[in-house]
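Just so we're on the same page: letters track the sequence lines, and every chain starts at 1. Bear in mind that the values here come from a model prediction, so they are computed numbers and not experimental data.
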2 protein chains.
Amino acid sequence: MYIQLALDRMTMDEAIHVTEEVYHEIDWIEVGTSLIKEYGVQSIERLKKEFPNKLLVADMKTMDNAAYECQMCFEAGADIMTAMGVAPNITVKTCLDEAKKRKKRVMIDLLNVHETLLPSLLEYKEAIFCLHVSKDEQELFGFNAARFPMFLEEMQGRTWAIAGGISLDSLDMVKQLQPYVVIIGSAITKAENKQKAAQTLKQAIFARRSHG
Amino acid sequence: MYIQLALDRMTMDEAIHVTEEVYHEIDWIEVGTSLIKEYGVQSIERLKKEFPNKLLVADMKTMDNAAYECQMCFEAGADIMTAMGVAPNITVKTCLDEAKKRKKRVMIDLLNVHETLLPSLLEYKEAIFCLHVSKDEQELFGFNAARFPMFLEEMQGRTWAIAGGISLDSLDMVKQLQPYVVIIGSAITKAENKQKAAQTLKQAIFARRSHG
């Protein structure tokens, strides 16, 4: 299970500093949507330049203009970009085509995707799917995997990630689900001791369960 | 009918230059999603500073993190921000609340909104609704108002905009629909003579039909 560090709602200097602090505990670095919209494509360039040996995920949340947005983020150094599952199908498909051309990947964010829309997205076998409780939903409901019952079943045999306010408290549940990637933001970036928080999370992820 | 100039896929200098050229022909200036993602929030700041007397629309396409994204774009000078209708309802609602606090407005982009989702969005009487054929869909299908039959009926008595590859060819149809705002991008920004193109479009919008 890979750990993706989501960087959001901070300055670029803070993003670089926190990544340095937890570098050895995490696997993938996510340039959050808030950094992209606040600082532009240079947020991606700067993080790739600082950390060239980690996979970089650009949380573009692409809804349209797929070829242009792919070009923008992949040329800036992203290895993976996100497209919204709720976007028109042609947009998702174009992202996958653009990524393939460059030997890059697309994470399809399943935020607010209705079950009737899911089958057409699951056709994209090469995608990484992201089960996502959004920040705004977390503030309303809290993190609750019960919100994805069908989706979890459909994730079997696929490459998928889980995101949305995951902390030490929700980690046991996440471990049972066995995603390919667990996306963690505030539980690390807002911790007083970020390195300690990341270490504790990593240890909890890789600890074996005790069997009686 | 207001004309909103959509600025996309260009440098900031080009965005300012084209706006200067067509300043007197257009009403609202839209900082396109591609400018926001490429140049960050400074794209909004710079256009507001150059053109303080026009309403500025930030095409944020907000899907999550509504309070933060509203703060970001409104503090940068946006008068109107866009939220995606396909976002979780709490996200749309938070955008409207954040806008109201600041006496600003939200345009709800109805791109790919299913008819079952529409009624909950139409509750937001203060919103500007945007009927939107996305760029990627235009390239697939072309602009075709027949794609919004139910939506057009629901727009009666509301404040709404129409967007998606609108040019002189589709203007007759748009005029019949009588939107509050017509959003025009490439038909102006990619024209050889941008001022002439904008003048021709404006004249066509305001020309009376001949009743021969």
For a 4.5 angstrom cut-off between non-hydrogen side-chain atoms, does [X] reach [Y]?
X     : Y     : result
B:M63 : A:V86 : yes
A:N65 : B:R9  : yes
A:K37 : B:T62 : yes
B:K61 : A:T33 : no

Is it the side chain or the backbone of [X] that comes within 4.5 Å of chain B heavy atoms, both, or neither?
X     : value
A:E38 : both
A:M72 : side chain
A:M84 : side chain
A:A76 : neither

- Query: In residues 91-107 of chain A, which residues are in contact with chain B at a heavy-atom separation under 4.5 Å?
  - Reply: A:T91
- Heavy-atom pair of closest approach, residues B:Y68 and A:M10: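 Smallest interatomic distance, heavy atoms only, reads OH-N, 4.0 Å.
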- Message: Please determine whether the number of non-hydrogen atoms from other residues, nucleotides or ligands lying under 6.0 Å from atom NZ of B:K49 exceeds 12.
- Response: no
- Task: Pick out which of A:H132, A:E137, A:Q138 makes a side-chain contact (heavy atoms from CB on, under 4.5 Å) with B:D64.
- Result: A:H132
- Message: Has B:D136 got a side-chain atom pairing as donor or acceptor with A:P88's backbone, closer than 3.5 angstrom?
- Response: no
